[in-house]
There are 2 protein chains.
Amino acid sequence: MAKELTAKGKATRGRIIDAAAEVLRESGIEGTTLEGVMARSRTSKSQLFHYFPDGKDQLLLAVAQYEADQVLDVQQPYLGRLDSWEAWQQWRDVTVRHYEEQGDHCPIGTLSLYLGRSTPGARAVVIELLHRWQEYLAVGIRALRTAGHLPAGLDVDERAAALLAAIQGGVTILQATGRADHLRAALDLAIGDLRRLGEPASAPAPAPGEDRARARG
Amino acid sequence: MAKELTAKGKATRGRIIDAAAEVLRESGIEGTTLEGVMARSRTSKSQLFHYFPDGKDQLLLAVAQYEADQVLDVQQPYLGRLDSWEAWQQWRDVTVRHYEEQGDHCPIGTLSLYLGRSTPGARAVVIELLHRWQEYLAVGIRALRTAGHLPAGLDVDERAAALLAAIQGGVTILQATGRADHLRAALDLAIGDLRRLGEPASAPAPAPGEDRARARG
DNA sequence: AGAAAAATGGACCAGCAAGTCCACTCTGTG
DNA sequence: CACAGAGTGGACTTGCTGGTCCATTTTTCT
């Protein structure tokens, strides 16, 4: 791949990807044009095609890869240390806050949608991301199980899959509506239900263990 | 607005929307061009702009509205009768199957992403859809609670929100990866956990399987 | 130093798609 | 039947964007 890339060349290439990522975040896919990337990165067209001979798609794929790495990075180190209920709660808080701040747009979703049909690599990037993400969650659940906080018979992978779906859905809705309620509810209930599985003795039915209002006609 | 529309005119307008929806489903947003819509609907450019004076965005907004209605329609009548666990299971099966068949692409998501920034109406359409969807779920949960299948103190709206997020996430992942595992897991666990809340006496700990044994390809 | 390779600048091209315009045809109503 | 207005056809304009090409500068390596 990166065979003969001078330090300078490497820097330029990186600048292009950074710029493209920024433009994409700000202007969406239809607002992301090579000219815009050129302007932002202070490069010329020849450079774009020098580093990405296959053109726009190749560049956007690189951006997708870059953004995919970001997704998990911003959740660290919490995502990597889900070995107690407190750690889960902490991770939940960080994740919710991050997506609340990011708000509007998800570069991965945008790119996935845009490159999906044409560029096969894009799908692979997303699948890889989801897989890694789910694996972190599974590791965390297993840690809880090993520590005796969860029943031994629990289907870890299924739980992890559901949890990942909950996050995705919450984020999707957050981006569509601007409100984080669903993300919060999804995470809280997913974690809460999980937790309840580990406390068979405690309150089984009403269990307002969290902070919800109860009285309701 | 659409005041003076002959029967013929109305038909043409409808044909344009149908055609646009089809093209969008088949070719994605970047493949959806006015020319394509013209060809598919056998209309001319002047007609497109006659019925949608504001151009492409206006047309796509109409398509979004149309597709939003579809989303809930295909889940009926099940979505409207979630008054027993069996009914929930039935709805789950139908929904999963539908999205499995639809597979690749979600017109709403595509349009939401594309129109999101520019057209304010698009966001409203999506919000309205999500709201109606969640309300159906909430009504179903309330029905269960009223029937005594769920504890009285349950926060229905939060559960409904989480459930909606679970669906959205599952569908998102299905569309990204092509696999419905997450959608199934998310729905099964969300419904399963809910059900567990109504059966405080039953097996509290292991029992991961419960009732969702079937349909697990 | 000096040649080879990498990096860069930017003019130029081709194509496509949204939107405009005007002329023409239908339809219904007094 | 006539005529006003809706409905239709399609050429044309405009603007932009991805992509090509070649000349030039800078770096690297011996």
Side-chain angles (χ1 to χ4, degrees), chain A residues 1-20 22-24 26-64 110-111 114-115 117-119 122, chain B residues 1-20 22-24 26-64 110-111 114-115 117-119 122:
Chain A
M1 268 313 188
K3 19 202 137 193
E4 350 225 6
L5 268 198
T6 302
K8 192 178 179 184
K10 227 169 174 176
T12 301
R13 198 188 124 102
R15 236 172 50 235
I16 293 174
I17 293 180
D18 287 350
E22 286 172 23
V23 173
L24 184 71
E26 289 177 12
S27 315
I29 187 63
E30 80 271 35
T32 299
T33 153
L34 294 189
E35 310 244 343
V37 175
M38 283 162 52
R40 172 78 63 136
S41 60
R42 280 177 329 238
T43 51
S44 66
K45 210 157 235 181
S46 67
Q47 297 179 66
L48 280 188
F49 283 87
H50 180 64
Y51 295 105
F52 304 94
D54 292 342
K56 197 180 186 183
D57 281 4
Q58 191 186 1
L59 169 58
L60 290 182
L61 185 59
V63 172
T110 307
L111 288 172
Y114 178 74
L115 297 174
R117 315 176 160 277
S118 49
T119 315
Chain B
M1 281 290 178
K3 277 320 130 193
E4 353 222 6
L5 269 198
T6 303
K8 193 178 180 186
K10 226 167 173 177
T12 302
R13 198 188 124 102
R15 235 171 51 234
I16 293 175
I17 293 181
D18 287 350
E22 287 172 23
V23 173
L24 184 72
E26 289 177 12
S27 315
I29 188 64
E30 80 271 34
T32 299
T33 154
L34 293 189
E35 310 243 344
V37 175
M38 283 163 53
R40 173 77 63 134
S41 60
R42 281 177 329 240
T43 51
S44 65
K45 209 155 237 180
S46 66
Q47 297 178 68
L48 280 188
F49 282 87
H50 181 64
Y51 295 105
F52 302 95
D54 292 343
K56 196 180 187 183
D57 282 3
Q58 191 185 1
L59 169 59
L60 290 182
L61 185 59
V63 172
T110 307
L111 288 173
Y114 178 75
L115 297 175
R117 316 176 160 278
S118 50
T119 315

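Note on naming: letters A, B, ... go to the chains in the order of the sequence lines (proteins, then strands), and numbering restarts at 1 for each one.
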Closest approach of B:Asp57 to B:Ser118 (non-hydrogen atoms, all atoms of both residues): OD2-OG, 4.0 Å
From A:Val63, A:Thr110, A:Leu60, residue fulfilling side chain to side chain contact (heavy atoms under 4.5 Å, CB included) relative to A:Leu115: A:Leu60
Opening and closing nucleotides of DNA chain C in contact with chain A, under 4.0 Å to non-hydrogen atoms: C:dA6 to C:dG10
Interatomic distance, B:Phe49 atom CZ to B:Ser44 atom OG [nearest 0.5 angstrom]: 11.0 Å
Criterion side-chain contact (heavy atoms from CB on, under 4.5 Å) on B:Tyr51 and B:Ile17, from CA distance to verdict: CA-CA 10 Å; B:Tyr51 295 105; B:Ile17 293 181; over 6 Å; no
Sorted by number, the residues of residues 49-57 of chain B with heavy-atom contact under 4.0 Å to DNA chain D: B:His50, B:Tyr51
Touch class at under 4.0 angstrom, heavy-atom based, for B:Thr6 against every strand present: sugar-phosphate
Minimum side-chain heavy-atom gap B:Ile16-B:Arg13 below 4.5 Å: no
Flag side-chain contact, heavy atom, 4.5 Å: A:Leu61 against A:Phe52: no
Along DNA chain C (nearest heavy atom to each residue), the more 5'-positioned of A:Glu35 and A:Arg42: A:Arg42
Closest non-hydrogen atom pair, A:Ser27 against A:Glu30: O-OE1, 4.1 Å
Side chains of A:Thr32 and A:Tyr114 in contact at under 4.5 Å (non-hydrogen atoms): no
Touch class at under 4.0 angstrom, heavy-atom based, for A:Thr33 against every strand present: sugar-phosphate
Sub-4.5 Å side-chain heavy-atom contact between A:Asp18 and A:Arg15: no
Smallest separation among heavy atoms of B:Met38 and B:Lys45, with atom names: CE-N, 3.7 Å
Chain B contact limits on DNA chain D, taken 5' to 3' with a cut-off of 4.0 angstrom to heavy atoms: D:dA6 to D:dG10
